[in-house]
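Notes follow the structure.
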Amino acid sequence: MAEQTKITVEATVNAPVEKVWKAWNTPADIIQWNTPDPSWHTPSSENDLRINGKFKNRMEAKDGSFGFDFEGTYDKVELYKEIAYTMADGRTATTLFTEKNGKTILATTFDPETENDPEFQKQGWQAILNNFVKYVESK
């Protein structure tokens, strides 16, 4: 099997890193923003943000036609700077938080899965990130 190229999505949030970090990692916030489009939602979220801690976000189509648990284990947690984790299927992802002039740049790099086109996956992860930006900036 050929090695997949990692994919990176990025966005700038007009908010300080402390606020961005909190919204990124608090289950009550996660269920508000963690969706690629309005036909989906995240009805539940669990997050134990520490090395070897686990997270699980239940993602479902609102019509009930499809759903899955997006889950993994944290490999690195550096407050206000970096979160890295391994997903249940062995893929990895890293999110970097960079504060600059009162704004926070978020960059997530992840291993794509093999079932869907990498560009489709990039669009999905970017859509979730864009939704996160809208959510934080409206709070």
Side-chain angles (χ1 to χ4, degrees):
M1 189 171 105
E3 178 71 17
Q4 289 270 4
T5 305
K6 289 183 179 286
I7 297 172
T8 299
V9 294
E10 194 174 295
T12 301
V13 188
N14 190 10
V17 71
E18 293 85 357
K19 181 178 180 181
V20 170
W21 180 272
K22 185 174 185 291
W24 189 261
N25 293 302
T26 303
D29 288 313
I30 294 167
I31 61 174
Q32 299 298 319
W33 61 260
N34 188 39
T35 173
D37 78 52
S39 68
W40 279 73
H41 67 151
T42 298
S44 66
S45 173
E46 300 165 27
N47 194 18
D48 182 11
L49 185 66
R50 61 184 172 84
I51 293 172
N52 294 322
K54 298 194 180 314
F55 67 88
K56 180 163 80 173
N57 297 317
R58 179 69 189 168
M59 301 180 76
E60 295 179 354
K62 286 183 178 172
D63 67 6
S65 63
F66 187 74
F68 64 95
D69 290 331
F70 182 74
E71 58 189 322
T73 304
Y74 291 110
D75 303 314
K76 182 175 183 180
V77 177
E78 191 179 339
L79 186 66
Y80 303 142
K81 300 228 180 294
E82 180 179 353
I83 296 172
Y85 57 86
T86 300
M87 295 171 244
D89 62 8
R91 296 179 299 129
T92 62
T94 301
T95 300
L96 300 176
F97 299 74
T98 309
E99 190 169 27
K100 197 170 183 180
N101 302 325
K103 297 181 181 192
T104 304
I105 301 159
L106 276 177
T108 298
T109 301
F110 66 96
D111 295 324
E113 37 89 352
T114 53
E115 289 178 26
N116 293 294
D117 179 273
E119 186 55 37
F120 175 77
Q121 293 177 64
K122 182 175 184 174
Q123 289 170 1
W125 284 58
Q126 185 68 55
I128 291 170
L129 196 52
N130 294 346
N131 211 35
F132 174 76
V133 171
K134 276 189 280 198
Y135 173 73
V136 173
E137 291 181 351
S138 70
K139 276 187 75 167

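The basis for the numbers below is simple: all heavy atoms, side chains too, and nothing from hydrogens, waters or symmetry mates.
Under the 4.5 Å side-chain criterion, counting only non-hydrogen atoms from C-beta, N57 is not in contact with D69. Between K56 and R58, every side-chain heavy-atom pair lies at or beyond the 4.5 Å cut-off. Under the 4.5 Å side-chain criterion, counting only non-hydrogen atoms from C-beta, N34 is not in contact with S45. Between K54 and E46 there is no side-chain heavy-atom pair separated by less than 4.5 Å. Side-chain contact between T98 and T104: absent, with no pair of heavy atoms (C-beta onward) separated by less than 4.5 Å. Using a 4.5 Å heavy-atom threshold, the side chains of L49 and I83 count as touching. In this structure, L106 and V13 have side chains that are in contact, with non-hydrogen atoms separated by less than 4.5 Å. With contacts defined as side-chain heavy-atom distances shorter than 4.5 Å, the pair M59/P36 qualifies.
To the nearest 0.5 Å, atom CZ of residue F66 and atom CH2 of residue W40 are 5.5 Å apart. Atom OG1 of T35 is separated from atom CD of E60 by 11.5 Å, given to the nearest 0.5 angstrom. Atoms CD1 and CD, on I30 and Q32 in that order, are 11.0 Å from each other to the nearest 0.5 Å. Atoms CD and CG, from Q123 and N116 in turn, are 11.5 Å apart once rounded to the nearest 0.5 Å.
Taking hydrophobic clusters as Ile, Leu, Val, Met, Phe, Trp and Tyr residues chained together by side-chain heavy-atom distances below 4.5 Å, V17 does not share a cluster with L96. L79 and V136 fall within the same hydrophobic cluster, where Ile, Leu, Val, Met, Phe, Trp and Tyr residues are linked whenever their side-chain heavy atoms come under 4.5 Å apart, directly or through other members. In terms of hydrophobic clustering, with Ile, Leu, Val, Met, Phe, Trp and Tyr side chains grouped at heavy-atom distances under 4.5 Å, I51 and Y80 are assigned to different clusters.
Between the side chains of Q121 and D117, no donor-acceptor pair of N or O atoms lies under 3.5 Å. Side-chain polar atoms of K103 and T12 form no donor-acceptor pair below 3.5 angstrom. Side-chain contact annotation: K6 with T92, donor-acceptor N/O pair under 3.5 Å present.
In terms of modelled atom types and a separation under 3.5 Å, the side chain of E10 and the main chain of I105 share no donor-acceptor contact.
Heavy-atom minimum distance, A11 versus N130: CB-OD1, 4.5 Å. Shortest non-hydrogen contact noted between M87 and F110 is CE-CB, 4.4 Å. What you find for E99 and P16 is that their closest heavy atoms are OE2-CA, 3.2 Å. Taking all atoms of both residues into account, the shortest heavy-atom contact from E113 to R91 is N-NH1, 3.3 Å. Here the shortest heavy-atom pairing between N14 and E137 reads N-OE2, 2.7 Å.
Residue K62 qualifies as enclosed at atom NZ: its count of foreign heavy atoms under 6.0 Å is above 12. More than 12 non-hydrogen atoms from other residues, nucleotides or ligands lie less than 6.0 angstrom from CD of E119.
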Side chain to side chain contact (heavy atoms under 4.5 Å, CB included) between T95 and E82, intermediate numbers included:
CA-CA 6 Å; T95 300; E82 180 179 353; over 6 Å; no

Would I128 and W33 count as a side chain to side chain contact (heavy atoms under 4.5 Å, CB included) here? Give the steps.
CA-CA 7 Å; I128 291 170; W33 61 260; 3.6 Å; yes

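Only one option out of N25, T26, I31 pairs with D29 in a side chain to side chain contact (heavy atoms under 4.5 Å, CB included); it is T26. Put simply, the residue from N47, T86, N52 that forms a side-chain hydrogen bond (donor to acceptor under 3.5 Å, both in side chains) with Y74 is N47. Each of W21, F97, W125, W24 was evaluated against F132; a single residue qualifies, W24, per the ring-ring contact (aromatic ring centres under 6.0 Å, His included) test.
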